[in-house]
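One structure is given below, encoded as structure tokens.
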Amino acid sequence: MNFLIAFLIGGLICVVGQIFIDKTKLTPARIMVGYVVTGVILGGIGVYEAFIEFAGAGATVPLLGFGNTLAKGVREAINEKGAIGILTGGLIASAGGITAAVVFGYLNAMIFKPKTK
């Protein structure tokens, strides 16, 4: 049942993004930034944790989850290190995901050659 809920919630998040692409003049980049900012806000006020408990990977894998990870990292770093945690917490908490994105992006660039249009 957990897999079904995660699939449905993650799919619903994607559907909302697709509706924004189809019905507005927002670019995909702006929609993705909006998702991250929404995740930061929901994580910052503390409501995203309950959503993660319900949806599991359907809430942690999309960009909303990345924003929540940034907010959670900043909150923890502020508690441990004070004001400097504002600058370092988000990057420390999300370093693994950022590294994976860079490494796999580089590997894909080495394997596949772009075609000119």
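Here, residue 1 is the first one in the sequence, and each next residue gets the next number.
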If you take all heavy atoms of G85 and A77, which pair is closest and at what distance?
CA-CB, 3.5 Å
Under a 4.5 Å side-chain heavy-atom rule over Ile, Leu, Val, Met, Phe, Trp and Tyr, are L91 and F66 clustered together?
yes
Establish whether L70 and L63 are linked, either directly or via other cluster members, by ILVMFWY side-chain heavy-atom contacts under 4.5 Å.
yes
Please test Y48 against F51 for ring pair (Phe, Tyr, Trp, His ring centres under 6.0 Å), starting from the C-alpha separation and ending with a verdict.
CA-CA 5 Å; Y48 204 77; F51 186 52; 5.4 Å; yes
Taking ILVMFWY side chains as joined if any heavy atoms are under 4.5 angstrom apart, and letting links pass through other members, which residues group with V15?
I19
Within-4.5 Å side-chain heavy-atom neighbours: L64 and T38:
yes
ILVMFWY cluster membership beyond V61 - transitive side-chain contacts under 4.5 angstrom
none
Could you tell me the separation between the CD1 atom of I98 and the OG1 atom of T69, rounded to the nearest 0.5 Å?
10.0 Å
Are L4 and L8 close enough that some pair of their side-chain heavy atoms sits under 4.5 Å apart?
yes
Using the side chain to side chain donor-acceptor pair (under 3.5 Å) criterion, which residues pair with Q18? Sequence neighbours excluded.
D22
On a heavy-atom basis, which atom in I13 and which in P62 lie closest, and how many Å separate them?
CD1-CG, 3.9 Å
Value rounded to 0.5 Å, distance of CD1 in I84 from CD1 in I78:
10.5 Å
CZ (F104) and CD1 (I111) are apart, to the nearest 0.5 Å, by 10.5 Å
Drop me the distance from E80's CD to T88's OG1, to the nearest 0.5 angstrom.
9.0 Å
For the residue pair P28 and I21, what are the closest heavy atoms and their distance?
CG-CD1, 4.3 Å
Interatomic distance, CZ@F7 vs CG@N2, rounded to 0.5 Å, equals 15.0 Å
In the single-linkage hydrophobic clustering (I, L, V, M, F, W, Y; side-chain heavy atoms under 4.5 Å), do I41 and V33 co-cluster?
yes
List the atom of G67, the atom of V40, and the distance in Å for their closest heavy-atom pair.
O-CG2, 3.3 Å
What's the shortest heavy-atom distance between I9 and G58, and which atoms?
CG2-O, 3.8 Å
Exercise: identify the closest heavy-atom pair between I5 and F54:
CG2-O, 3.5 Å
I'd like to know whether T24 forms a side chain to side chain contact (heavy atoms under 4.5 Å, CB included) with R30, so could you lay out the CA-CA distance, the side-chain angles of the two residues, the decisive distance to 0.1 Å, and finally the verdict.
CA-CA 11 Å; T24 68; R30 288 180 185 221; over 6 Å; no
Between the CG atom in L26 and the CE atom in M32, the distance rounded to the nearest 0.5 Å is 12.0 Å
